[in-house]
Amino acid sequence: MDLANHTWTQSFLLAGFTTTGALRPLAFLGTLCIYLLTLAGNLCIIVLVQADSRLCTPMYFFISVLSFLELWYVSTTVPTLLHTLLHGRSPVSPAVCLVQLYVFHSLGMTECFLLGIMALDRYLAICRPLHYQALMSRQVQLWLAGATWVAGFSAALVPASLTATLPFCLKEVAHYFCDLAPLMRLACVDTGWHAQVHIVVIGIINACNLVLILGLYGGILRAVLKLPSAASRAKAFSTCSSHITVVVLFFASAFIVYVGPPDSSPEGTDKLLALVYTFLTPFLNPIIYTFRNKEVREAVRRVTQSIRAMMKRP
């Protein structure tokens, strides 16, 4: 059989996690509950930002964009995780597998760019307060948000298209979704060059955004330390702490999985690390960013009161 056509005539098998007996339904139900809570939490943020005028600020606009992204990001991989937990090894066509690979990495790179834009927003708010509203107008917000999506979906074309050209001789993907390293292990040819290109592209994007974030936070730190009172310094730091937490979770796992040598980690480690940035981070983002935030709690109270008032009307 022609190797060039071999990719499209076989089905892959997603191995997922090995669960047996009573553990399988428990793992499925636990994962399903967290998935539904993730969807509900991120949807709640989007609705709150749209419904409450006091949250119509650039910071909360970008948080709502992040929540919208997380809805798609978690929904790209968790359905296949649930399927493998419930049914074991699950067949998937090469076309669906490669589409999942592309969409997943597009959303991941979009989030990488978006985290950099969110750091820029905090820098302008703290270091350029007098010019902040002019520099971060609604038009600029929309342009920056759109640019992150275009950049993310464009950058992901490189690893996805290179992987799509590989001839595959094996069919079992040692993961719960189609990712770069597990797919390259199934190829009939040496993938060393492909792996190096993936590391360079993903590494440069992650490194540039991380350097940008660190540089912006360096400027924020200098500006905050010049503030006269401890209360004002604490307030300024509080607006950045949530973003820093998410940045650490996202970039740490991304560098370990995608920038290190493909076979440097023990078997199964990549699946566990993937749970951090594909499942845990989208679940924690609503909690980290907003639900411990006083402004958001007050917005929830106001929106709830408005809904109750509307329901009481005859």
Side-chain angles (χ1 to χ4, degrees), residues 41-74 103 106-156 205-206 208-220 223-224 235-247 249-251 281-282 284-300 302-303:
N42 284 287
L43 277 171
C44 182
I45 291 174
I46 296 170
V47 171
L48 279 176
V49 173
Q50 294 297 319
D52 192 272
S53 59
R54 298 187 189 182
L55 295 185
C56 290
T57 64
M59 182 178 76
Y60 287 109
F61 169 75
F62 289 122
I63 289 175
S64 69
V65 173
L66 179 65
S67 292
F68 178 75
L69 186 151
E70 297 290 24
L71 290 176
W72 293 100
Y73 193 55
V74 74
V103 174
S106 296
L107 294 170
M109 292 187 187
T110 300
E111 181 167 351
C112 180
F113 288 117
L114 185 58
L115 290 174
I117 295 299
M118 293 171 77
L120 174 63
D121 171 67
R122 291 298 81 212
Y123 174 83
L124 294 175
I126 293 172
C127 300
R128 300 287 186 272
L130 298 179
H131 304 93
Y132 177 58
Q133 293 300 327
L135 291 172
M136 208 46 92
S137 65
R138 188 66 174 179
Q139 184 177 0
V140 172
Q141 295 171 42
L142 293 172
W143 186 89
L144 288 173
T148 62
W149 286 80
V150 172
F153 276 76
S154 300
I205 291 173
N206 277 276
C208 289
N209 278 280
L210 184 58
V211 168
L212 171 66
I213 291 169
L214 292 175
L216 291 170
Y217 273 110
I220 290 172
V224 169
K235 183 178 179 180
F237 278 127
S238 68
T239 64
C240 302
S241 60
S242 301
H243 183 253
I244 293 172
T245 304
V246 174
V247 165
L249 283 173
F250 180 85
F251 283 99
T281 302
L284 292 176
N285 274 354
I287 302 170
I288 293 172
Y289 270 116
T290 57
F291 293 147
R292 66 175 190 174
N293 186 303
K294 183 180 178 181
E295 290 180 340
V296 175
R297 291 198 300 268
E298 291 177 350
V300 171
R302 289 192 295 269
V303 172

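- Panel note: side chain Gln141, backbone Met136; a donor-acceptor pair is recorded below 3.5 Å.
- Of the possible donor and acceptor atoms, none in the side chain of Asp52 sits under 3.5 Å from a partner among the backbone N and O of Leu48.
- Between Thr57 and Tyr60, the closest side-chain pair of non-hydrogen atoms falls below 4.5 Å.
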Evaluate the side-chain contact (heavy atoms from CB on, under 4.5 Å) criterion for residues Phe251 and Ile213: first the C-alpha distance (whole Å), next the side-chain angles of each, then the deciding distance (0.1 Å), finally the verdict. CA-CA 11 Å; Phe251 283 99; Ile213 291 169; 3.7 Å; yes
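- Glu70 contributes atom CD, which lies 10.0 Å from atom CG of Leu284 (distance to the nearest 0.5 angstrom).
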Check the pair Val246 / Leu115 against side-chain contact (heavy atoms from CB on, under 4.5 Å), numbers first and verdict last. CA-CA 9 Å; Val246 174; Leu115 290 174; 4.1 Å; yes
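- Trp149 and Val65 get closest at one heavy-atom pair: NE1-CG1, 3.8 Å.
- Closest approach of Met109 and Ala156 over heavy atoms only: SD-N, 3.7 Å.
- Remark: the backbone N or O of Ala145 is paired with a side-chain donor or acceptor of Thr148 at under 3.5 angstrom.
- From Cys112, atom SG reaches atom CG of Leu107 across 13.0 Å, with rounding to the nearest 0.5 Å.
- Atoms CG and CE, on Leu144 and Met118 in that order, are 12.5 Å from each other to the nearest 0.5 Å.
- Inter-residue side-chain proximity for Asn42 and Phe68 is flagged as unmet; no heavy-atom pair is nearer than 4.5 Å.
- Within 6.0 Å of CH2 on Trp72 lie no more than 12 heavy atoms contributed by other residues, nucleotides or ligands.
- Residues Gly116 and Asn209 share a closest heavy-atom pair of CA-OD1, 4.3 Å.
- Rounding to the nearest 0.5 angstrom, the gap separating the OG atom in Ser67 from the CD1 atom in Ile46 is 5.5 Å.
- Shown here for Val74 and Leu71, the closest heavy-atom pair between the two residues is CG1-O, 3.5 Å.
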Might you work through the side-chain contact (heavy atoms from CB on, under 4.5 Å) test for Phe250 and Asn206, ending with a clear yes or no? CA-CA 10 Å; Phe250 180 85; Asn206 277 276; 4.0 Å; yes
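- Under 3.5 Å, the side chains of Tyr132 and Asp121 contain a donor-acceptor pair of N or O atoms.
- Put simply, CG on Leu66 and NE2 on His243 are 8.5 Å apart, with the number rounded to the nearest 0.5 Å.
- From Ile288, atom CD1 reaches atom CD1 of Ile244 across 12.0 Å, with rounding to the nearest 0.5 Å.
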Give the C-alpha distance, both sets of side-chain angles, the deciding distance and a yes or no for side-chain contact (heavy atoms from CB on, under 4.5 Å) between Arg138 and Phe61. CA-CA 9 Å; Arg138 188 66 174 179; Phe61 169 75; 3.4 Å; yes
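- Taking every heavy atom of both residues into account, Leu124 and Leu135 meet most closely at CD2-CD1, 3.9 Å.
- In terms of heavy-atom proximity, Thr281 sits nearest to Leu249 at OG1-CB, 4.1 Å.
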